[in-house]
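To start, the structure itself, in structure tokens.
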Amino acid sequence: MNALFLDTSGWFAALSPKEAKHKPARAGYTKAIESGTQLVTTNLVVAEMQILLGRFRGANEGLRFLESLYQDPSHVVVFVDRDIERAATDRWLRRFVDQRLSLADAVSFEVMKVRGVRQALALDEHFALAGFQLVP
């Protein structure tokens, strides 16, 4: 089955018409949904999405996002444990110490590597630097 990783940058742009890259991000997200692509993310990304939606659209919108996400079987949320976090630190943060990577990004890369996901709905160029394909 095809899979697409959802990063905060691309996912938020896809859901937010006021974002500069909304149209291409929305097109990539919609295409993935319509084609039955499995959408993979982490609970760290979900937390970032909830706070952004709550901040820009109100707390109720952040809550609605969480409720709809957990009812949608096409969206798989990987819950980060200590092993994933440590592997992300060792494999990604240490490797790219000259870059401004966040732990959330490093964890995303690790989850993608372990699950064999090659594409990310992301606007963050660090995904390309780590060897993944950006969508849009």
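Note: hydrogens, waters and symmetry copies are ignored here, and every other heavy atom, side chains too, is used. Computed from a predicted structure; not experimentally measured.
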(request) Tell me, with the steps shown, if Phe5 and Ser108 meet side-chain contact (heavy atoms from CB on, under 4.5 Å). (result) CA-CA 8 Å; Phe5 187 85; Ser108 297; 3.3 Å; yes

(message) Is there a side-chain contact between Arg115 and Val76 in this structure, where contact means two heavy atoms from C-beta onward sitting under 4.5 Å apart?
(response) yes

(request) Find out whether Pro136 and Leu123 are in side-chain contact, i.e. whether some heavy atom of one side chain is under 4.5 Å from a heavy atom of the other. (result) yes

(request) Report the distance from atom CD of Gln50 to atom CG of Leu69, rounding to the nearest 0.5 Å. (result) 11.5 Å

(request) Determine the interplanar angle of the Trp11 and Phe65 rings, folded into 0 to 90°, and report it as parallel if under 30°, tilted if 30 to 60°, perpendicular if over 60°. (result) perpendicular

(message) Quick check: do Val40 and Met112 have side-chain heavy atoms less than 4.5 Å from each other?
(response) no

(request) Keeping the roles fixed (side chain from Asn43, backbone from Val77), state whether a donor-acceptor pair exists under 3.5 Å. (result) no

(message) Just verifying a value: how many Å separate Phe79 CZ and Ile84 CD1, rounded to the nearest 0.5 Å?
(response) 11.0 Å

(message) Using 30° and 60° as the class boundaries, would you call the ring planes of Trp92 and Phe132 parallel, tilted or perpendicular?
(response) tilted

(message) In the structure I gave you, are the side-chain heavy atoms of Val117 and Val111 within less than 4.5 Å of one another anywhere?
(response) no

(message) For Leu93 versus Ser102, what's the shortest heavy-atom pair and its separation?
(response) CD2-O, 3.9 Å

(message) I'd like to know whether Arg64 forms a salt bridge (charged side-chain N to carboxylate O under 4.0 Å, His left out) with Glu67, so could you lay out the CA-CA distance, the side-chain angles of the two residues, the decisive distance to 0.1 Å, and finally the verdict.
(response) CA-CA 5 Å; Arg64 274 193 292 274; Glu67 290 170 345; over 6 Å; no

(message) As an exercise, state the distance from CG of Leu129 to CZ of Arg95, rounded to the nearest 0.5 Å.
(response) 7.5 Å

(message) Tell me whether Val114 shares a hydrophobic cluster with Leu103, the cluster being built from Ile, Leu, Val, Met, Phe, Trp, Tyr side chains joined at under 4.5 Å.
(response) no

(request) Supply the atom-to-atom distance Asp105 CG to Thr42 OG1, rounded to the nearest 0.5 angstrom. (result) 9.5 Å

(request) Grab the two heavy atoms, one from Gly10 and one from Ala25, that are nearest each other, plus how far apart they are. (result) O-CB, 3.6 Å

(message) Please evaluate residues Phe109 and Arg91 with respect to the criterion side-chain contact (heavy atoms from CB on, under 4.5 Å), reporting the C-alpha separation (whole Å), side-chain torsions for both, the decisive distance (0.1 Å), and the verdict.
(response) CA-CA 9 Å; Phe109 303 160; Arg91 186 185 324 269; over 6 Å; no

(message) To check you understand the geometry: which heavy-atom pair defines the closest contact between Ala120 and Phe127, and what is its length?
(response) CB-CD2, 3.6 Å

(request) Indicate, with yes or no, if Tyr70 and Val80 share a hydrophobic cluster defined by side-chain heavy-atom contacts under 4.5 Å among Ile, Leu, Val, Met, Phe, Trp and Tyr. (result) yes

(request) Check the hydrophobic clustering (I, L, V, M, F, W, Y; side-chain heavy atoms under 4.5 Å; chains of links allowed) and say if Leu39 and Met49 are grouped together. (result) yes

(message) Show the nearest heavy-atom pair for residues Thr37 and Leu4, with the distance to one decimal.
(response) CG2-N, 3.6 Å

(request) Compare all side-chain heavy atoms of Thr8 with those of Thr41 and state whether any distance is below 4.5 angstrom. (result) no

(message) Just verifying a value: how many Å separate Phe12 CZ and Leu6 CG, rounded to the nearest 0.5 Å?
(response) 14.5 Å

(message) Salt bridge check, Lys113 against Glu110: does any charged N sit closer than 4.0 Å to a carboxylate O?
(response) no

(message) Checking the side chain of Ser35 only, and the main-chain atoms of Ala32 only, is there a donor and an acceptor separated by less than 3.5 Å?
(response) yes

(message) Which heavy atom of Asp124 sits nearest to which heavy atom of Ser9, and what is that distance?
(response) N-OG, 3.4 Å

(message) Quick one, Leu15 and Arg26 - any side-chain contact, counting heavy atoms below 4.5 Å?
(response) yes

(message) For the CD atom of Gln119 and the CD atom of Gln133, what is their distance to the nearest 0.5 Å?
(response) 4.0 Å

(message) On a heavy-atom basis, which atom in Gly131 and which in Arg118 lie closest, and how many Å separate them?
(response) O-NH2, 2.6 Å

(message) Tell me whether Arg57 contacts the main-chain N or O of Leu52 through its side chain, where contact means a donor paired with an acceptor under 3.5 Å.
(response) no

